[in-house]
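Remarks on the structure that follows.
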2 protein chains.
Amino acid sequence: MNIRDLRYMLAVAEHRHFGRAAEACRVSQPTLSVQLRKLEEALGVVLFERSSKQVVPTPICELLLAHARIAVAETEAMTALAQASADPLRGALRIGIIPTLGPYLLPLVFAPLREALPELEIEPWEDITATLIERLRAHELDAALLATEPEGADLLSRPLFTEPFLAALPPDHPLAAQDRIRESDLVPDVLVLADGHCLRDQALAACGLAGPVGGALRASSLATLINMVAAGYGTTLVPGLAAGAAQDSGIALRPLAARASRTIRIVWRAAFPRRAAVESVARVIAERLAPFAAASERDIAALDRAPAARHVAGTR
Amino acid sequence: MNIRDLRYMLAVAEHRHFGRAAEACRVSQPTLSVQLRKLEEALGVVLFERSSKQVVPTPICELLLAHARIAVAETEAMTALAQASADPLRGALRIGIIPTLGPYLLPLVFAPLREALPELEIEPWEDITATLIERLRAHELDAALLATEPEGADLLSRPLFTEPFLAALPPDHPLAAQDRIRESDLVPDVLVLADGHCLRDQALAACGLAGPVGGALRASSLATLINMVAAGYGTTLVPGLAAGAAQDSGIALRPLAARASRTIRIVWRAAFPRRAAVESVARVIAERLAPFAAASERDIAALDRAPAARHVAGTR
DNA sequence: CCGCGACGATTGGCAATGCCTATCGAAGCC
DNA sequence: GGCTTCGATAGGCATTGCCAATCGTCGCGG
């Protein structure tokens with residue numbers, strides 16, 4: 001059974017006239033005649049009593065019409081719904097983001113995203129890398145912003161920007177007197193995040209530490225970590241975008257000798273159909289972060305006096 | 001859009017596997033693949049995210065599925081409804097019947113009709129000929145039992161049986177002494193029904209009266225007429241089937257010299273699709289009335305001692 | 001009585017659709 | 001590296017859907 005035939009049936013019932021019904025359906029009268037006969041044969045029921053005077057729906061037809069109307073209305077609702085959401089740059093896009101990035105990146109990119117993609121409703125979801133990838137694969141997220149490259153052919157990614165790590169020191173720390181810090185100097189009292197945070201692994205790697213470190217502290221967030229450093233419990237590495245927040249806590253920030261950094265990537269399922277949406281988001285973020293990347297290259301030595309993040313945040 | 005495609009869509013959503021969905025739909029997997037792609041193109045929306053691992057409906061697909069389910073269910077309801085009522089010998093059949101026939105015929109044929117056509121729900125409607133024909137043409141009746149042949153090519157009819165008219169006399173009427181009454185003898189004090197009853201016209205014609213008769217009485221029903229005769233107000237003609245009721249009123253019935261009679265016909269619209277139902281009803285009535293017709297031919301002279309209607313009513 | 005207009009049914013031809021089998025291509029698994 | 005699984009693709013064929021033209025019937029008006 002074809003929805004088209006139901007439309008024909010409804011038209012004939014409404015107009016009680018094959019010719020006018022055909023016109024309303026934008027087909028020729030014979031077409032409608034034939035199709036209606038086929039429908040009658042398919043249903044095994046005479047739908048209309050034709051005489052030279054009039055075309056009258058049979059009682060059973062009246063019953064069927066009610067169902068036909070609903071069926072047609074539902075399919076029309078489907079096309080309307082589909083049409084309204086055909087634009088991939090429209091509708092919800094669930095984006096995962098790691099906790100050491102979200103609080104510092106989102107304030108920067110939310111407004112530009114809204115401006116560039118007004119129909120796209122971005123729903124951020126903050127969690128650690130492993131969980132985000134899991135949710136991505138489970139179709140609970142559409143994309144994720146990570147600092148690592150994902151494994152597996154089912155996920156694709158592209159880099160968005162690179163942010164340097166900075167040494168974060170209590171202002172009265174002996175190393176705070178240096179303009180540039182050697183990563184290995186941080187080892188004795190470096191504080192790191194809890195397991196699962198990619199920043200933890202990357203910070204340890206930057207310092208040349210492979211296994212677990214001595215300190216018992218496992219901070220659950222970068223904000224906690226920064227406050228611990230400010231309180232003089234040790235040193236740590238913070239990503240460039242968090243520099244502003246770190247400085248507000250009264251911490252000394254210094255560039256690193258080896259210029260350790262992390263690259264933020266956007267990740268999505270290879271089969272995700274709204275790739276256009278992901279790529280648009282990626283482009284907006286990359287463009288928004290471009291001045292910061294340039295600045296961090298140029299002014300990295302002067303970062304503690306004019307932090308890049310601050311500088312960028314002031315740019316409009 | 002084809003309902004079949006919606007079924008494919010529902011199957012894939014349910015099985016999350018093209019092969020199994022195709023199997024469930026009794027088509028090959030490529031067919032389902034192609035049709036689904038076409039549906040996606042028609043809607044302008046990706047319905048399923050395919051990867052080597054899994055087939056997952058997109059969010060918009062989930063919305064569409066709800067509508068698709070309703071549409072499919074409605075069309076299924078249509079086929080079920082049609083199938084249930086495909087049998088023309090099933091369902092309601094609205095039959096008009098003239099008032100001078102209904103009360104006497106229906107008791108005879110109701111049981112046989114119910115036995116022969118158990119699925120047919122006969123809805124009798126009693127009214128005068130003109131009104132019945134009007135309602136028939138307006139599709140408010142499906143058939144009618146009349147004593148006249150209808151005019152117009154849009155109506156068809158077939159005769160069911162013929163019933164003789166009998167002279168109805170008060171027992172003490174002078175004519176009651178005769179075995180057989182000449183119609184013209186009834187003229188002086190014949191009573192007739194009100195305008196619109198075909199029996200009125202036929203009784204007048206039988207007596208050789210063309211225009212209006214002298215008596216002011218215009219009985220509104222045959223029962224009234226019979227009671228008037230029983231009360232000695234005059235004579236009349238009654239149709240054979242009413243003979244039993246007439247005799248119960250203590251009236252003398254006599255056959256007529258010219259054997260005036262009326263032929264009961266069943267009438268229906270030429271375009272009426274359930275002709276089979278009408279013809280079945282016609283056959284059952286004709287068969288049920290056959291013994292009466294035979295009896296009236298044979299025993300018409302003895303009718304006042306063993307009334308044909310009584311005789312028939314006792315036959316089983 | 002005949003021609004005419006209205007209207008649904010029928011016909012014949014053509015393009016589009018729907019389905020099949022066979023095959024491909026990518027991914028995962030011994 | 002071969003094997004399996006699974007969705008996509010290709011080619012061929014029957015069916016379907018549509019149209020223009022025509023038919024058949026009915027009712028109307030001259």
Side-chain angles (χ1 to χ4, degrees), chain A residues 1-9 11-43 46-58 61 137 139 150-156 269-273, chain B residues 1-9 11-43 46-58 61 137 139 150-156 269-273:
Chain A
M1 192 186 313
N2 198 314
I3 287 292
R4 187 196 315 114
D5 299 333
L6 301 189
R7 285 187 212 276
Y8 293 164
M9 174 181 168
V12 172
E14 185 186 347
H15 291 96
R16 307 212 161 196
H17 187 289
F18 277 64
R20 283 192 285 280
E23 195 178 351
C25 295
R26 319 292 206 88
V27 295
S28 70
Q29 169 265 317
T31 295
L32 188 136
S33 248
V34 169
Q35 292 308 114
L36 209 56
R37 164 182 301 280
K38 283 189 190 168
L39 180 61
E40 285 181 328
E41 278 166 11
L43 290 174
V46 177
L47 293 174
F48 296 96
E49 205 180 306
R50 294 98 151 149
S51 66
S52 58
K53 279 256 171 195
Q54 49 188 356
V55 175
V56 183
T58 59
C61 179
R137 286 208 163 99
H139 292 248
E151 291 176 11
D154 60 331
L155 297 182
L156 299 180
R269 290 186 303 278
F272 183 59
Chain B
M1 192 186 312
N2 199 312
I3 287 291
R4 187 196 315 114
D5 298 333
L6 300 189
R7 284 185 213 278
Y8 294 164
M9 174 181 167
V12 172
E14 184 187 346
H15 292 96
R16 307 212 159 194
H17 187 288
F18 276 63
R20 282 193 285 281
E23 194 178 351
C25 294
R26 318 293 206 88
V27 294
S28 70
Q29 169 265 316
T31 294
L32 188 136
S33 248
V34 169
Q35 292 308 115
L36 209 56
R37 163 179 301 280
K38 282 188 189 168
L39 181 61
E40 285 181 328
E41 279 167 10
L43 290 173
V46 177
L47 293 174
F48 296 96
E49 205 179 306
R50 294 98 152 151
S51 67
S52 58
K53 279 257 172 193
Q54 50 188 354
V55 175
V56 183
T58 58
C61 179
R137 286 207 164 99
H139 292 249
E151 291 176 10
D154 59 331
L155 296 181
L156 300 180
R269 289 187 303 277
F272 183 59

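Reckoned from all heavy atoms, side chains included, excluding hydrogens, waters and symmetry mates. Just so you know, these numbers come straight off a predicted model, no measurement behind them. Reminder, nothing fancy here: chain letters follow the sequence lines and each chain counts from 1.
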Does [N] have its OP1 or OP2 closer than 4.0 Å to a side-chain nitrogen or oxygen of [X]?
X	N	result
B:H17	D:dT5	no
B:S33	D:dA8	yes
B:R50	D:dC6	no

- Are the side chain of A:T58 and the backbone of A:F48 linked by a donor-acceptor contact shorter than 3.5 Å?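 Side chain of A:T58 to backbone of A:F48, a donor-acceptor pair under 3.5 Å: no, none is there.
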Roughly how many Å is it from [atom1] in [X] to [atom2] in [N], rounded to a whole number?
X	N	atom1	atom2	result
B:F18	D:dA8	CZ	C1'	9 Å
B:L39	D:dA8	CG	P	13 Å
B:E49	D:dA8	CD	P	13 Å
B:D154	D:dC26	CG	C1'	11 Å

- Query: What do you reckon, is CD of B:E23 surrounded by more than 12 foreign heavy atoms closer than 6.0 Å?
  - Reply: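 Open: at most 12 neighbouring heavy atoms sit under 6.0 Å from CD of B:E23.
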- Boundaries of the DNA chain C segment in contact with chain A, non-hydrogen, under 4.0 Å: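 Nucleotide range in contact with chain A: C:dC7 to C:dT10.
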- Is any side-chain heavy atom of B:L43 closer than 4.5 Å to a side-chain heavy atom of B:M1?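 Contact flag for B:L43/B:M1 side chains = yes.
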- Identify the two heavy atoms, one from B:S33 and one from B:F18, that lie closest to each other, and give their separation to 0.1 Å.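 For B:S33 and B:F18, the tightest heavy-atom pair comes out as OG-CD2, 3.5 Å.
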- Query: SG of B:C25 to NE2 of B:H15: how many Å apart, nearest 0.5 Å?
  - Reply: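 NE2 of B:H15 is found 8.0 Å from SG of B:C25.
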- Query: If you round to the nearest 0.5 Å, how far is CG of B:N2 from NZ of B:K38?
  - Reply: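 Taking NZ in B:K38 and CG in B:N2, the distance rounds to 10.5 Å.
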- If you measure from the Lys or Arg side-chain nitrogens to the Asp or Glu carboxylate oxygens, is any gap between B:D154 and B:R269 under 4.0 Å?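 No salt bridge links B:D154 with B:R269.
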- Query: Are B:R16 and B:E49 close enough for a salt bridge, meaning some N to O gap below 4.0 Å?
  - Reply: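 Between B:E49 and B:R16 there is no salt bridge, as every charged N stays at least 4.0 Å from the carboxylate O atoms.
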Short heteroatom pairs, N/O only, protein and nucleotides 10-19 of chain D, under 3.5 Å:
{"unit_1": "D:dG17", "atom_1": "OP2", "unit_2": "A:Q35", "atom_2": "NE2", "d": "3.4"}
{"unit_1": "D:dG17", "atom_1": "OP2", "unit_2": "A:K38", "atom_2": "NZ", "d": "3.4"}
{"unit_1": "D:dC18", "atom_1": "OP1", "unit_2": "A:R4", "atom_2": "NE", "d": "3.2"}
{"unit_1": "D:dC18", "atom_1": "OP1", "unit_2": "A:Y8", "atom_2": "OH", "d": "3.1"}
{"unit_1": "D:dC19", "atom_1": "OP2", "unit_2": "A:S28", "atom_2": "N", "d": "2.8"}
{"unit_1": "D:dC19", "atom_1": "OP2", "unit_2": "A:S28", "atom_2": "OG", "d": "3.2"}
{"unit_1": "D:dC19", "atom_1": "OP2", "unit_2": "A:T31", "atom_2": "OG1", "d": "2.8"}

